[in-house]
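Convention: sequence-line order gives letters A, B, ...; per-chain numbering from 1. Note that the coordinates shown come from a computational prediction; the quantities given were computed from them, not determined experimentally.
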Number of protein chains: 2
Amino acid sequence: MAVTLREVADRAGVSRSAVSRTFTEGASVSAKTRAKVEKAALELGYSPNALASSLTTGRTKLIGLISNNFHNPLFLEVFDLFTRGLQDRGLRPLLVNLSNETDPENSVRMLRQYSVDGVIVASSTLPPSFAEAFKQAGVPVVHSFGRFSTSPNVHVVGIDNVACGRMAAEALIARGYTRVAFLGGPEKATSTQDRALGFFGALREHPEIEVSISYASAYSFDAGRVEMTKLLMAGPAEAYFCGDDVLSIGALSAIEEAGLSCPGDIGIIGLNDMDMARWQNIDLTTIRQPVAEIIRASIDLVIGTIEHPDRHPETRLFPCRVIERGTLRPVQQGAA
Amino acid sequence: MAVTLREVADRAGVSRSAVSRTFTEGASVSAKTRAKVEKAALELGYSPNALASSLTTGRTKLIGLISNNFHNPLFLEVFDLFTRGLQDRGLRPLLVNLSNETDPENSVRMLRQYSVDGVIVASSTLPPSFAEAFKQAGVPVVHSFGRFSTSPNVHVVGIDNVACGRMAAEALIARGYTRVAFLGGPEKATSTQDRALGFFGALREHPEIEVSISYASAYSFDAGRVEMTKLLMAGPAEAYFCGDDVLSIGALSAIEEAGLSCPGDIGIIGLNDMDMARWQNIDLTTIRQPVAEIIRASIDLVIGTIEHPDRHPETRLFPCRVIERGTLRPVQQGAA
DNA sequence: ACGCGTTTTGCAACCGGTTGCAATTCGACA
DNA sequence: TGTCGAATTGCAACCGGTTGCAAAACGCGT
């Protein structure tokens, strides 16, 4: 069905090597043969079979893009940026959905079968061992949105969740709240653990502030709503740092439903700054994750590792910042 | 680096064919050799190179998944279901982001280089010619979320937008609104055109109802908000059918901002039923698109076409239904 | 133990390219 | 026009598998 190298060679009256070389960057072909080949190729509608060539070159230009975050609106943007970023650099994302999977074995095997040049694990909830399994198998890998580590086994790109927790605490302190709380995601998620660490760390220096913690069962609207409803019954804090934006919006919904207002009665600060946070009927004060930078760095890093396989594992963390919107009262004059 | 067939053959003390056959469904191998091969393969950690085998079999099990809807939250669910559905059937999605592209040429060439077995164009905004370019190139293709056609050139799976427009009109009529309007997406989007057609068609039978139309510049929150703000200044209708949910939410935001309430002052009905529509602080009445069914059918159809390439182009439309929530007043007793 | 039909096996060619190497062609200069 | 080094070309082997075909091994009945 498809046109092959050989047919082009025959029509152009040259050897197969000549055709191959015309389509290979930096190979030695005279202008004359190149012209003949290009003419024949054009007439036949030939384009080289990337998979066949990968057999000898060892490069497929395929990158495994693995995620299990198909319910977090932020990740639509993540997929958009990853696919665009990869294709701008001549690479193709092979998408793997890990929603039900926890064992890396299968994914590793599958992606090796397709000889991907590298793998990007884009997930805030998968454990580090997942990415490490690829490294183990000799596949260049970077874990995006992964957990910070001082001695990483694989490349990690993301944000400093501990610093974010601290930042959230400081934002609440600066606004003069005296009873604050962390409403985390699942207790076992490393991102939740780290954010809690930073949050409580910063508040330890303010013993006058009362602080508490609870966990939602997932990073989801429903979980946030359910948890906040419970908290409202039990007597809520003045302000909450929520594990992420969608959780925050669930909490907001519960607060409104209870006839309370935000920030009048309760303050909320989220994390991520996903698209919906800026919607005026949500208007969520939150901490922005620099998604574009994280993705750019992830792509750079995976390409770098493909070129230099035994490059040292690296952690790249990007700074976040508070995006001031309407769910926290203004900074108090004369506060810390 | 990777273990090859030959190494397994050597270690097992059999021919390369024997190894190949062990890993080929339905090939003739004795239990004894199979055992030897499997042992050797296990010890070596061998798994066959899918790309190499595709050279002879002509099948890569790669499916091109093409979209340009990376800003519509509905599509996160779409990608989730497509990737899961494909991998459950042993296929791998090669994701292509067409956000800036309008010319099919590039995508066709690229996906042919990777010898994809088939292509799914998942987009409500790309023109039919896009999918047709693949058909032209001999690649099995289905256009999901595409436009209905009585004599399709390619497989189309989606909803009947004309019927949806009619359904929206009937919903508004049944609720006794007498001044209604369609707030569409971009005027040139086929989905907008079709929905308008159905909407006005149904209202033609109700000359007592006043009806008008306007277009948002995109299917986006901001566009909906901007357009509704304009409409509010000019004197709005009683109820709007909005081109999709995210547009609806933008409109809702503008209405709230103006100090009006919904459905008290103005009614809104959307289309899609994306995840956020059910969030209680949005609570959007809308028309549900059966996304899971559409995707299942799309996958079936692309697989069917791979198996029978000259299968007749087919259009499969799925019925939608109104999901009653809080942005339309209740059905009026005794209304049509 | 023999003959027969069925399975199983290995050989070798092929899938669509790439690439080292030796042979050929080219261009420039004397 | 002859010579020489550099650029270009084709041959053939190879990448990691698959598969048609003929030969070998097997199972079974007598």
NZ/NE/NH1/NH2 to OD/OE distance under 4.0 Å, A/Arg109 and A/Glu105: no
N-O pairing of A/Asp10 and A/Arg16 below 4.0 Å: no
Of the listed nucleotides [options], the one nearest the side chain of [X]:
| X | options | answer |
| --- | --- | --- |
| A/Asn49 | C/dT19, D/dG17, C/dG16 | C/dG16 |
| B/Arg16 | D/dG17, D/dT9, D/dT19 | D/dG17 |
| A/Thr24 | C/dT18, D/dT8, D/dT18 | C/dT18 |
| A/Ser28 | D/dA7, C/dT9, C/dG16 | D/dA7 |
| B/Thr57 | C/dT19, D/dG17, D/dT18 | D/dT18 |
| A/Ser17 | C/dT18, D/dG10, C/dT9 | D/dG10 |

Can you tell me if [X] touches the phosphate of [N], counting only side-chain N or O atoms and a distance under 4.0 Å to OP1 or OP2?
| X | N | value |
| --- | --- | --- |
| B/Thr56 | D/dT18 | no |
| B/Ser20 | D/dT18 | yes |
| A/Ser30 | D/dT8 | no |
| A/Ser53 | D/dC15 | no |
| B/Tyr46 | D/dG17 | yes |

Under-3.5 Å donor-acceptor pair between A/Arg6 side chain and C/dG17 base: no
Sugar-phosphate, base or nothing in reach of A/Val29, heavy atoms under 4.0 Å: sugar-phosphate
Sugar-phosphate only, base, or nothing, as touched by B/Ser54 at under 4.0 Å among non-hydrogen atoms: nothing
Closest approach of B/Val8 to B/Ala41 (non-hydrogen atoms, all atoms of both residues): CG1-N, 4.0 Å
What is the distance, rounded to the nearest whole Å, between atom [atom1] of [X] and atom [atom2] of [N]?
| X | N | atom1 | atom2 | answer |
| --- | --- | --- | --- | --- |
| B/Arg21 | C/dC11 | CZ | P | 11 Å |
| B/Lys61 | D/dG17 | NZ | C1' | 15 Å |
| B/Lys32 | C/dT7 | NZ | C1' | 13 Å |
| A/Leu44 | C/dG16 | CG | P | 14 Å |
| A/Glu25 | C/dG17 | CD | C1' | 17 Å |
| A/Tyr114 | D/dG17 | OH | C1' | 14 Å |
| B/Leu5 | D/dC15 | CG | C1' | 12 Å |
| B/Arg59 | C/dC15 | CZ | P | 18 Å |

Residue A/Lys36 excluded, over 12 heavy atoms near NZ under 6.0 Å: yes
Ring centre gap for A/Phe82 and A/Phe75 strictly below 6.0 Å: no
Nearest-0.5 Å distance that lies between atom CG in B/Leu317 and atom CZ in B/Arg147: 12.0 Å
Residue mapping more 5' on DNA chain C - nearest nucleotide basis, A/Leu55 or B/Ser15: B/Ser15
